[in-house]
There are 2 protein chains.
Amino acid sequence: MANEICPVRDVIARISDKWSILSIYALGAYGKLRFSELIHKIDGISHRMLTVTLRNLEGDGYIKRTVYAEVPPRVDYELTELGRSLMQELSGIIGWAEKNGKEILAFRNKK
Amino acid sequence: MANEICPVRDVIARISDKWSILSIYALGAYGKLRFSELIHKIDGISHRMLTVTLRNLEGDGYIKRTVYAEVPPRVDYELTELGRSLMQELSGIIGWAEKNGKEILAFRNKK
DNA sequence: CAGGATCCCCGACGATACTG
DNA sequence: CAGTATCGTCGGGGATCCTG
């Protein structure tokens with residue numbers, strides 16, 4: 001499990017921050033969304049962090065950003081092919097968490 | 001995507017820290033390991049963080065800790081049934097990352 | 001050898017204010 | 001409406017030292 005130059009660790013590290021998974025999930029669940037819609041779907045995220053997170057995800061190729069030349073400005077985001085394939089995997093874990101979440105919380109609280 | 005009382009977000013948040021996934025993965029890949037073995041498998045982890053991480057994982061029921069009454073002390077760790085089922089899901093993402101990691105890094109570096 | 005306790009740094013993140 | 005810039009805080013996590 002070497003760390004340097006290990007793409008796997010690198011990829012996982014970028015995804016497993018506080019907001020990336022939720023952002024990908026929102027786009028996966030609702031399809032194309034604009035900035036202001038995203039900020040409402042992702043409960044608790046700040047303006048700033050949504051911007052930062054979207055930039056990172058775009059930089060890694062998970063999402064596509066489209067700007068419309070309108071006033072007021074309109075920008076929307078959607079998953080790329082890569083993003084959708086990642087979304088598949090995330091769905092697996094999310095489904096797992098849905099199924100086992102209660103049990104885990106219960107276990108944690110007793111003792 | 002409400003946050004409070006959402007077991008899914010809670011579970012994901014606990015797993016997606018810097019070392020939990022790697023620890024689970026190490027135990028999944030190598031089976032039962034003692035503390036000193038784990039610290040060598042997980043490249044770059046500090047003594048302290050391995051302790052903390054293992055405590056959390058144990059607290060959530062992912063791993064089982066066994067202490068032997070020997071001198072010098074001997075403690076080993078292994079995945080529980082819950083841990084192994086999570087490991088299944090993680091394997092999916094890790095496999096995905098292995099397959100797409102190069103492409104992502106390349107995309108990130110070009111522009 | 002396993003692991004607790006302490007100290008400390010730095011980066012992630014939120015709040016806020018400003019632009020096109 | 002979407003995005004940038006600045007600032008301050010707070011806690012994750014590394015280094016180190018001490019115990020059984």
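Every chain is numbered from 1, with letters handed out A, B, ... down the list of sequences.
A distance-only check finds a donor-acceptor pair linking the side chain of Ser91(B) to the backbone of Met87(B) [under 3.5 Å].
Heavy atoms of Tyr68(A) sit nowhere under 4.0 angstrom from any nucleic acid atom.
Leu105(B) and Leu57(A) fall into different hydrophobic clusters, where Ile, Leu, Val, Met, Phe, Trp and Tyr side chains are chained together by heavy-atom contacts under 4.5 Å. Under a hydrophobic-cluster definition in which Ile, Leu, Val, Met, Phe, Trp and Tyr are linked whenever side-chain heavy atoms come within less than 4.5 Å, directly or via other members, Val67(B) and Leu38(B) are assigned to the same cluster.
Around the OH atom of Tyr25(A), the shell of radius 6.0 Å holds no more than 12 heavy atoms that belong to other residues, nucleotides or ligands.
At the phosphate of dA2(D), neither OP1 nor OP2 sits under 4.0 Å from any side-chain N or O atom of Arg65(A).
Reading DNA chain C from its 5' end, the first and the last nucleotide to sit under 4.0 Å from a heavy atom of chain B are dC1(C) to dT6(C).
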Report all interatomic pairs (protein N or O, nucleotide N or O of nucleotides 11-17 of chain D) with separations under 3.5 Å.
{"from": "dG13(D)", "atom 1": "N7", "to": "Arg48(B)", "atom 2": "NH2", "distance (Å)": "2.5"}
{"from": "dG14(D)", "atom 1": "OP1", "to": "Lys18(B)", "atom 2": "NZ", "distance (Å)": "3.3"}
{"from": "dG14(D)", "atom 1": "OP2", "to": "Ser46(B)", "atom 2": "OG", "distance (Å)": "3.0"}
{"from": "dG14(D)", "atom 1": "N7", "to": "Arg48(B)", "atom 2": "NE", "distance (Å)": "3.2"}
{"from": "dG14(D)", "atom 1": "O6", "to": "Arg48(B)", "atom 2": "NE", "distance (Å)": "3.2"}

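Of the listed residues (Arg65(B), Lys64(B), Arg34(B)), just one forms a salt bridge (Lys or Arg N to Asp or Glu O under 4.0 Å) with Glu78(B), and that residue is Lys64(B).
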(request) Quick one: do Val11(A) and Trp96(B) satisfy side-chain contact (heavy atoms from CB on, under 4.5 Å)? Show the steps, please. (result) CA-CA 10 Å; Val11(A) 168; Trp96(B) 182 91; 4.1 Å; yes
(request) Check the pair Asp76(B) / Tyr68(B) against side chain to side chain donor-acceptor pair (under 3.5 Å), numbers first and verdict last. (result) CA-CA 8 Å; Asp76(B) 57 30; Tyr68(B) 297 91; 3.3 Å; yes
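Per the geometry, CZ belonging to Phe35(B) stands 19 Å off P belonging to dG20(D), to the nearest Å. One atom, CG of Leu38(A), and another, P of dC1(D), lie 14 Å apart when rounded to the nearest Å.
Between atom CD1 of residue Ile94(A) and atom CD1 of residue Ile21(A) there is a gap of 7.0 Å, rounded to the nearest 0.5 Å.
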